[in-house]
Amino acid sequence: MRRILVTVLALGAVPAGTRAQDSTAVILQQARALYERIELERALPLYRSVLSPGWRFEVTQAQRVEASLYLGASLSLLDERDSALAHFRIALERDPFADLDPSRFTPTQLEAIQQARQTVFAS
């Protein structure tokens with residue numbers, strides 16, 4: 001009971017906007033950890049929830065881009081290419097400089113984001 005009271009009091013001392021943004025950051029951190037352990041089926045719902053219009057916490061532009069990139073990368077690993085391309089396009093439309101680190105992502109994922117980039121920036 002004492003621990004709950006301390007947590008409630010601590011949360012009351014933090015501005016609501018900060019708590020909300022921290023909640024999004026915590027979920028993204030959990031999703032990244034799952035992605036890194038190749039637990040994609042558990043990571044996907046977390047990324048989707050952050051991107052959902054029903055998500056009740058604040059999400060920054062950078063967080064939306066990150067969630068879209070990792071969602072695309074996850075779907076690419078699951079061989080859902082069309083869905084992966086759609087999420088890569090969303091990330092690139094939000095941030096034209098968004099990219100995947102070649103040392104951390106597979107050639108298939110890198111090829112997919114390059115294809116999405118060509119679609120988004122076609123003349």
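Index from 1, following the sequence.
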Evaluation steps, side-chain contact (heavy atoms from CB on, under 4.5 Å), between Trp55 and Thr24:
CA-CA 9 Å; Trp55 182 247; Thr24 299; 3.0 Å; yes
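Counting heavy atoms of neighbouring residues, nucleotides and ligands inside a 6.0 Å radius, atom CD of Gln29 does not exceed 12 of them.
One finds the CD atom of Gln118 at 11.0 Å from the CG atom of Leu92 (value rounded to the nearest 0.5 Å).
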Counting only pairs under 3.5 Å, give me each side-chain donor-acceptor contact of residues 73-90, with atom names and distances, residues two or more places apart or in other chains.
from  : atom 1 : to     : atom 2 : distance (Å)
Ser74 : OG     : Tyr70  : O      : 2.8
Arg81 : NH2    : Gln115 : OE1    : 2.3

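For residues 35-44, the set of pairs meeting the side chain to side chain donor-acceptor pair (under 3.5 Å) definition, not counting sequence neighbours, comprises Tyr35-Gln109, Glu36-Arg104, Arg37-Glu39, Glu39-Arg42. Note on residues 63-76: pairs passing salt bridge (Lys or Arg N to Asp or Glu O under 4.0 Å), not counting sequence neighbours, are Arg32-Glu66.
Side-chain atoms of Gln61 come within 3.5 Å of backbone atoms of Arg94 as a donor-acceptor pair (strictly under, hydrogens ignored).
By the salt bridge (charged side-chain N to carboxylate O under 4.0 Å, His left out) test, Asp99 is found to be paired with Arg117, residues two or more places apart in sequence or in another chain being considered. In this view, Ala67 and Leu28, Tyr47, Val50, Leu51 satisfy the side-chain contact (heavy atoms from CB on, under 4.5 Å) rule, not counting sequence neighbours.
Between Leu69 and Ile113 the shortest side-chain heavy-atom distance falls below 4.5 Å.
Looking at every heavy atom in both residues, Leu46 comes nearest to Ser49 through O-OG, 2.7 Å.
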